[in-house]
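Report on one structure; see the data block that follows.
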Amino acid sequence: MSRCQAIARPLARQLRQPCAIRPFTTGAPRAAEVQEQAAAAASSTEPSALDLEPDTVLPEFEAQLIKAGKMPIGSRRRRVAMRTTQNLPFEQLPYQAFQEARKILAADREDKLSRINAELEKIDKLEKKDAADINGGQKMKDTKITSLRREVDRLKLLADANDPLVKKRFEDGMGDMNKPIYRALAEKKWRSYDHRVITQRIKQFKIAPDVLPKLEPTADVQLFFRQSKVAPGVIVNSLTSENAPRLRVQVFDKGERLVSVVVVDSDVPQVENDGFTKRCHYLAANIPLSPTDTSLPLSKIQAKDQLAVPWLPAFSQKGAPYHRVGIYLLEQKPGEKIDVSKLKELYSGRDGFSLKSMRDKFGLTPFGFNMFRSVWDENTAAVMSRHNIAGADIELRPTRVHSLKPPVKPRGWEAKRQGPKYRHLWKYTKRIKGISNARGWIKKR
């Protein structure tokens, strides 16, 4: 750099005018305001009024809010956006592209609603029409009505599928599961990940065909032990699984139905037969379930017409492989209740339980599944002692099975040099039959 440039550069830096940058939307200055508010909130020890609201709480005050008994609503990004919009309704956000897109979506919704009205008019006319005037009679009439109603349901989903308010309510966890659009969004979200995980566990742990010939879950079943969510297939400590778990079951079709809940251990060792059998750890029937009523605590099902076999803690004897403990949900026939006294008579013995046999006897349809695994740990003996379960003092060991193949004769370079003549070479090999230096048996002299 020349002397002139070294002198002129500081002068040019001082004379340079700052550029004025115009933001495209009002989001940039508001984001800066939020950052200033967040910095001020972080510097101050006392939270502000916005920090104590579930809709606008910042990340550093989430723990304080949860301790007070309130859960934050939505994502952190959404809560920061709520602090910047000054309580403006979602549909009135001041973004021109957003408002223009809403006009297009509103026009599309009107088109779908007009098509729904046209289909409903067709259904009304078809129901009033005599079956004798239709080619195919009553059977064809019922088929056409069913097809038209299916088309109406499809158009209802399309009318609300792109509504930003619907998606906002669903993402905030405030969707009404009585409405088909929210059930469809929930099912789409479940099938994108959780359904793939539970299907993989069914194949990985050979649930089908070991327990059932075929199992295709159609409901989201989540497992909780002591308020902690348990991922499918995780090994659970014996002390944790001592008490009955809580299930969160989300079905995606409308209406209430009666279900049965069965917990089965598929890997109970049977020493006398050198094999394995199955044991029933829990059995309840006639439990109402709907899309809005999702909580299913097994410990609170105590009615005489529901509980058949009470909860037995999952346990595994020392030396045994892990036990697959599966939670199966089976739908009963519409409007039919199961005789619980008959269930007690058949399955109160627990051992030798067959879920396939129960399914066939009572006409049940499996639709939900989750599982965990149980192994011997430091708490298993105490759990078995508290519940009077025998076998805590028994350790299982595998029986050695000797090979039926004939012994292979030594061959190769080492086989030719196993005599005393080549004793000085034994220390260099590990495969000479008899004495070798693999474990340091030959001492150096």
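Quick caveat, the model's predicted, so the values are computed rather than measured. Note that these values count all heavy atoms, side chains included, but never hydrogens, waters or copies made by symmetry. Here, residue 1 is the first one in the sequence, and each next residue gets the next number.
Stacking of Arg246 on the aromatic ring of Phe224 is recorded, both the 6.0 Å distance cut-off and the 45° axial limit being met.
Within the structure, no pair that satisfies the side chain to side chain donor-acceptor pair (under 3.5 Å) test touches residues 295-307, not counting sequence neighbours. Residue pairs satisfying the salt bridge (Lys or Arg N to Asp or Glu O under 4.0 Å) criterion with at least one member in residues 315-325, sequence neighbours excluded, are listed as follows: Asp210-Arg324, Asp267-Arg324.
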TODO: Could you check Ser114 against Asn117 for side chain to side chain donor-acceptor pair (under 3.5 Å), going step by step and ending with a plain yes or no?
DONE: CA-CA 5 Å; Ser114 62; Asn117 292 330; over 6 Å; no
Open item on the list: Evaluate Gln99 against Arg102 for side-chain contact (heavy atoms from CB on, under 4.5 Å), listing each step before the verdict.
Closed with: CA-CA 5 Å; Gln99 297 299 336; Arg102 287 192 69 247; 3.7 Å; yes
Open item on the list: side-chain contact (heavy atoms from CB on, under 4.5 Å), that's the test. Do Lys189 and Phe170 meet it? Break it down for me.
Closed with: CA-CA 11 Å; Lys189 181 180 178 182; Phe170 176 74; 4.2 Å; yes
Task: side-chain contact (heavy atoms from CB on, under 4.5 Å) between Phe367 and Asp253, intermediate numbers included - done: CA-CA 12 Å; Phe367 72 96; Asp253 50 346; over 6 Å; no
Open item on the list: Test side-chain contact (heavy atoms from CB on, under 4.5 Å) on Tyr328 and Val211; report intermediate values, then the result.
Closed with: CA-CA 10 Å; Tyr328 303 85; Val211 182; 3.4 Å; yes
- [ ] Just do the side chain to side chain donor-acceptor pair (under 3.5 Å) check on Gln222 and Asn370 with the steps written out, would you?
- [x] CA-CA 7 Å; Gln222 298 179 11; Asn370 207 320; over 6 Å; no
TODO: Evaluate side chain to side chain donor-acceptor pair (under 3.5 Å) for Asp51 paired with Ser48, printing each intermediate quantity in order.
DONE: CA-CA 5 Å; Asp51 295 329; Ser48 63; 3.0 Å; yes
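Side-chain contact between His323 and Pro269 is present, with at least one heavy-atom pair separated by less than 4.5 Å. Side-chain contact between Phe362 and Asp339 is absent, with no heavy-atom pair separated by less than 4.5 Å. Between Asp293 and Pro288, every side-chain heavy-atom pair lies at or beyond the 4.5 Å cut-off. Contact check for Leu355 versus Val262: side-chain heavy atoms found under the 4.5 Å cut-off. Counting only heavy atoms from C-beta outward, the side chains of Asp163 and Lys167 never approach each other to under 4.5 Å. The shortest distance between side-chain heavy atoms of Pro366 and Leu329 does not fall below 4.5 Å.
Within the model, atoms CG of Leu223 and CZ of Phe225 stand 5.0 Å from one another, a figure rounded to the nearest 0.5 Å. We find the CZ-CE distance between Phe252 and Met177 to be 7.5 Å, quoted to the nearest 0.5 Å. Interatomic distance, CD of Glu151 versus CG of Asp153, reported as 9.5 Å (0.5 Å rounding). The distance from the NZ atom of Lys278 to the OG atom of Ser266 is 6.0 Å, given to the nearest 0.5 Å. To the nearest 0.5 angstrom, Arg248 atom CZ is 5.0 Å from Thr294 atom OG1. Atom CZ of residue Arg350 and atom NE2 of residue His281 lie 7.5 Å apart, to the nearest 0.5 angstrom.
Heavy-atom minimum distance, Pro54 versus Leu65: CA-CD2, 3.8 Å. When all heavy atoms are compared, the tightest approach of Trp376 to Ala381 is CH2-CB, 3.9 Å. The two residues Gly391 and Met384 make their nearest non-hydrogen contact at C-CE, 3.8 Å. Among all heavy-atom pairs drawn from Phe369 and Ile207, the shortest one is CZ-CG1, 3.8 Å. Of all non-hydrogen atoms in Ser290 and Val251, the two that sit nearest each other are C-CG2, 3.8 Å. What you find for Gly233 and Arg373 is that their closest heavy atoms are O-NE, 2.8 Å.
When atom types are taken as modelled, the side chain of Ser147 and the backbone of Thr143 share no donor-acceptor pair closer than 3.5 angstrom. Judged purely by atom type and a 3.5 angstrom limit, Gln332 uses its side chain to pair as donor or acceptor with the backbone of Glu336. Listed for the Asn286 side chain is a donor-acceptor partner under 3.5 Å among the backbone atoms of Ile338. In this structure, Arg79 contributes its side chain and Val57 its backbone to a donor-acceptor pair below 3.5 Å. Side-chain atoms of Asn237 come within 3.5 Å of backbone N or O of Leu239 as a donor-acceptor pair. In this structure a side-chain-to-backbone donor-acceptor pair under 3.5 Å is present from Arg201 to Pro232. No donor-acceptor pair closer than 3.5 Å links the side chain of Glu242 to the backbone N or O of Val383. Remark: the backbone N or O of Ser238 is paired with a side-chain donor or acceptor of Asp377 at under 3.5 angstrom. Arg115 contributes no side-chain N or O that, together with a main-chain N or O of Leu155, makes up a donor-acceptor pair within less than 3.5 Å. Judged by distance alone, the side chain of Trp190 and the main-chain N or O of Thr218 form no donor-acceptor pair under 3.5 Å.
Applying the side-chain hydrogen bond (donor to acceptor under 3.5 Å, both in side chains) test to Glu171 and every residue at least two apart in sequence or in another chain returns nothing. For Glu216, the side-chain hydrogen bond (donor to acceptor under 3.5 Å, both in side chains) criterion is met by His195, not counting sequence neighbours. With sequence neighbours left out, Arg400 forms a side-chain hydrogen bond (donor to acceptor under 3.5 Å, both in side chains) with no residue at all.
Considering Asp220, Val259, Leu296 as possible partners of Val249, the one that fulfils the side-chain contact (heavy atoms from CB on, under 4.5 Å) test is Leu296. With Tyr282 as the partner, the side-chain contact (heavy atoms from CB on, under 4.5 Å) test is satisfied by one option alone out of Leu307, Val325, Leu312: Leu307.
Annotation for Arg397: atom CZ does not count as buried by contact number, only 12 or fewer foreign heavy atoms lying within 6.0 Å. Within 6.0 Å of NZ on Lys188 lie no more than 12 heavy atoms contributed by other residues, nucleotides or ligands. In the displayed structure, Gln227 atom CD is contacted under 6.0 Å by at most 12 heavy atoms of other residues, nucleotides or ligands.
Ring geometry for Tyr347 versus Phe353: interplanar angle over 60°, hence perpendicular rather than tilted (30 to 60°).
We find that Glu53 and Lys70 are not joined by a salt bridge, their nearest charged nitrogen and carboxylate oxygen being 4.0 Å or further apart. A salt bridge links Lys168 to Asp172: one of the charged nitrogens lies within less than 4.0 Å of a carboxylate oxygen. A salt bridge is defined here as a Lys NZ or Arg NE, NH1 or NH2 lying under 4.0 Å from an Asp or Glu carboxylate O, and Lys342 with Glu345 fails to meet this definition. The pair Lys112-Asp108 counts as a salt bridge, with a side-chain nitrogen and a carboxylate oxygen less than 4.0 angstrom apart.
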What side-chain donor-acceptor pairs closer than 3.5 Å can you find for residues 121-139, not counting sequence neighbours?
from, atom 1, to, atom 2, distance (Å)
Glu127, OE2, Arg149, NH2, 2.7
Gln138, NE2, Asp142, OD1, 2.9

